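Here's the structure we're looking at; comments come further down.
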Amino acid sequence: MCIRDRCVNWAQLPPSKTLAQILRNAAGNIRSVASHNKKEGKEKGTVKVQRGGTAVILRDELAAYVTDSGVDPSGLGRWSWYLLEGKEGFRTRVISAYASCGSAASKEETYYQQQARYITEKGLRDTNPKKMFREDLLAQLRKWRMKGDRIVLMMDANEDVVDGVMCRQLREEDINLREVVFAHTQTKGPNTYFRGKDAIDGIWVSEEVETSAAAYLPFDPELGDHRPVVANISKRSLLGTQGPRIKPAAARRLNSKVKRIRQKYIDLSLIHI
């Protein structure tokens with residue numbers, strides 16, 4: 001599951017308060033990686049609410065295939081990702097991304113203005129939050145594709161998922177992603193933002209990733225003001241295997257640097273012998 005615009009300033013929460021911890025239940029494994037604008041929000045007195053941010057959540061068996069994770073290197077929280085590695089040669093990046101919307105007239109706290117302040121601070125020329133996001137994400141996707149990584153990109157593109165400027169570039173040969181709902185229906189989807197007129201949310205996958213179905217769900221006010229997008233993806237095409245990975249039981253590691261703990265371990269070992 002990928003989430004965008006959760007409006008959480010994670011710097012103001014304790015390290016233990018992750019999405020995985022919030023959603024954890026007694027059964028099953030769960031992992032999460034979340035991003036927010038780290039360039040702002042660390043100052044004393046800053047509130048816990050911050051517009052923007054992304055997250056990826058993996059549950060149960062799929063979580064056992066994680067080998068790496070990360071976020072937008074700019075520190076702006078525009079995307080986050082997990083790397084899954086299965087059978088040799090099968091590497092898949094699962095990415096949650098949130099494109100900027102708004103304008104120079106937007107309010108100070110908005111996602112757009114956060115990035116506008118970053119552009120001013122860095123002295124960047126001939127760009128704006130929308131253009132900067134587009135160029136940075138496309139450059140990152142090209143690097144991953146050059147490595148041979150498979151891609152599952154879940155994104156609020158804030159533009160038409162078929163005809164938008166960035167979305168057209170996602171289909172170009174050096175990235176070669178397809179939006180799964182349109183690929184299955186060959187029809188433009190409904191508005192995915194409750195005040196909008198176009199489908200601006202989608203799931204894009206690389207050519208190696210097999211999908212058997214994809215759809216937009218109805219609006220649900222408990223989930224937010226965007227329609228959820230869902231897709232059935234073949235595990236074989238993500239990981240090269242259909243069978244479960246044997247996951248070792250979680251256990252605390254021995255801390256051999258503390259003399260008291262080390263001695264207690266030796267004493268217990270002698271007793272068991």
Side-chain angles (χ1 to χ4, degrees), residues 1-4 6 8 10-11 15-25 27-36 38 53-98 136-155 170 174-178 180 203-212 229-255:
M1 178 168 65
C2 292
I3 303 174
R4 281 88 60 191
R6 287 300 84 196
V8 177
W10 295 102
S16 60
K17 199 74 170 179
T18 64
L19 271 171
Q21 289 293 347
I22 294 169
L23 299 173
R24 190 179 304 281
N25 54 35
N29 187 20
I30 183 170
R31 301 182 65 154
S32 66
V33 56
S35 69
H36 72 287
K38 296 179 181 178
T54 66
V56 183
I57 300 165
L58 298 178
R59 299 188 71 102
D60 303 323
E61 181 192 338
L62 200 60
Y65 289 89
V66 172
T67 60
D68 200 3
S69 64
V71 298
D72 169 16
S74 74
L76 292 171
R78 299 172 297 174
W79 62 80
S80 50
W81 55 268
Y82 271 122
L83 174 62
L84 309 178
E85 294 197 52
K87 192 175 179 180
E88 185 177 356
F90 283 78
R91 292 164 44 99
T92 302
R93 305 262 177 181
V94 181
I95 308 148
S96 175
Y98 180 33
D136 290 354
L137 180 62
L138 291 172
Q140 181 65 80
L141 289 170
R142 289 186 181 102
K143 289 178 182 178
W144 285 333
R145 293 296 281 148
M146 286 181 66
K147 291 181 179 180
D149 293 354
R150 297 161 188 238
I151 299 293
V152 177
L153 169 65
M154 306 188 206
M155 177 169 61
L170 290 174
D174 55 351
I175 302 178
N176 196 16
L177 303 185
R178 68 185 186 278
V180 294
I203 300 175
W204 289 260
V205 300
S206 51
E207 58 183 344
E208 310 93 338
V209 177
E210 301 167 357
T211 60
S212 59
V229 193
V230 296
N232 288 338
I233 297 177
S234 156
K235 180 181 170 185
R236 181 182 60 251
S237 69
L238 291 184
L239 304 168
T241 177
Q242 289 287 61
R245 170 177 285 189
I246 298 174
K247 186 174 185 299
R252 294 180 64 185
R253 294 181 180 273
L254 171 66
N255 187 343

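Start at 1 with the first residue, then count along the sequence. The shown structure was predicted, so the numbers you read here are calculated from the model rather than taken from an experiment.
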Can you list everything that forms a side chain to side chain donor-acceptor pair (under 3.5 Å) with [X]? Sequence neighbours excluded, please.
X	answer
N176	E207
D136	R78
R31	none
T54	S35, S80

Nearest 0.5 angstrom please: T241 OG1 to R236 CZ, how far?
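With rounding to 0.5 Å, OG1 (T241) is 10.0 Å from CZ (R236).
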Going by the rule side chain to side chain contact (heavy atoms under 4.5 Å, CB included), which residues pair with [X] if we only count those two or more places apart in sequence or in a different chain?
X	value
T18	A20, Q21, S32
A34	W10, A55
L138	R134, R142, M166, Q169, L170, I175
K147	R91, R93, D149

I need the full list of ring pair (Phe, Tyr, Trp, His ring centres under 6.0 Å) pairs touching residues 79-98, with sequence neighbours left out, sorted by first then second residue.
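Qualifying pairs: W81-W144, Y98-Y111.
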Is the shortest heavy-atom distance from the side chain of [X] to the side chain of [Y] under 4.5 Å?
X	Y	value
I151	R145	yes
Q140	I95	no
M154	R4	yes
L238	V152	yes

Less than 3.5 Å apart, any donor N or O on the side chain of S237 or E210 sitting next to an acceptor on the other?
no
